[in-house]
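Heads up, the thing below is written out as structure tokens.
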Amino acid sequence: MLVEIIIKILFALPMGIWLYRDSKARDYSWMLWTCSPIILLLAPWPAAIVLAVILLGIYLVLRPAGALLRCPHCNKKVHEILFVCPFCQKNAKHECLNCHEPVPWEAEQCPYCQSRNITKE
Ligand SMILES: [Zn+2]
Ligand SMILES: [Zn+2]
């Protein structure tokens, strides 16, 4: 019984850590997803594996699609569409002062209107 609980924790913990990183990077209900592997601890052992696969499958279908980029400040992975990094709360992108579209951090000019008038911070 105790062994079963330890195996389940060894299984649920990395899953929770991975879900935390990925869902927070995508700014997507990360508290809910980080806690979701707890249900594995409540399920009987063989069923817990099936539950884990279903849970990950649902997450992969529902999560916002798109690439993760590195935050220029904290170096954590952050979803490409986010303007502010969910980890360090700093701007992960510049803003175009002409058309107000987000500009990639390393870009010298706005990809939308080609203006070089972008925020520096
Ligand atoms: Zn950051
Ligand atoms: Zn622009």
Sequence neighbours excluded, every pair satisfying ring pair (Phe, Tyr, Trp, His ring centres under 6.0 Å) that has a member inside residues 77-103: H94-W105

Residues that E4 engages under salt bridge (charged side-chain N to carboxylate O under 4.0 Å, His left out), provided they are two or more places apart: K8

Residues that L69 engages under side-chain contact (heavy atoms from CB on, under 4.5 Å), provided they are two or more places apart: E80

Minimum heavy-atom distance C96-S115, with the two atoms named: SG-CB, 4.2 Å

Distance-only donor-acceptor check, side chains Y28 and D22, under 3.5 Å: no

Validation row, ring centre W33 to ring centre Y20 under 6.0 Å: no

Whether over 12 other heavy atoms sit under 6.0 Å from R21 CZ: no

Steps toward side chain to side chain contact (heavy atoms under 4.5 Å, CB included) verdict (S23, S29): CA-CA 7 Å; S23 60; S29 312; over 6 Å; no

Closest approach of K93 to I81 (non-hydrogen atoms, all atoms of both residues): NZ-CA, 3.9 Å

Heavy-atom closest contact (L19 atom, P37 atom, distance): CD1-CG, 3.9 Å

Shortest non-hydrogen separation from Y112 to C99 and the atoms involved: CB-SG, 4.2 Å

Worked check of side chain to side chain contact (heavy atoms under 4.5 Å, CB included) between L40 and M15: CA-CA 10 Å; L40 304 186; M15 202 169 138; 3.9 Å; yes

R70 side-chain N/O to K76 backbone N/O, donor-acceptor pair under 3.5 Å: no

Heavy-atom check, side chain of I39 versus side chain of L51, under 4.5 Å: yes

Atom CD of Q114: over 12 foreign heavy atoms under 6.0 Å: yes

Closest approach of P14 to I9 (non-hydrogen atoms, all atoms of both residues): CD-O, 4.1 Å

T119 and L97: CA distance, side-chain angles, deciding distance, side chain to side chain contact (heavy atoms under 4.5 Å, CB included) verdict: CA-CA 7 Å; T119 56; L97 294 170; 3.7 Å; yes

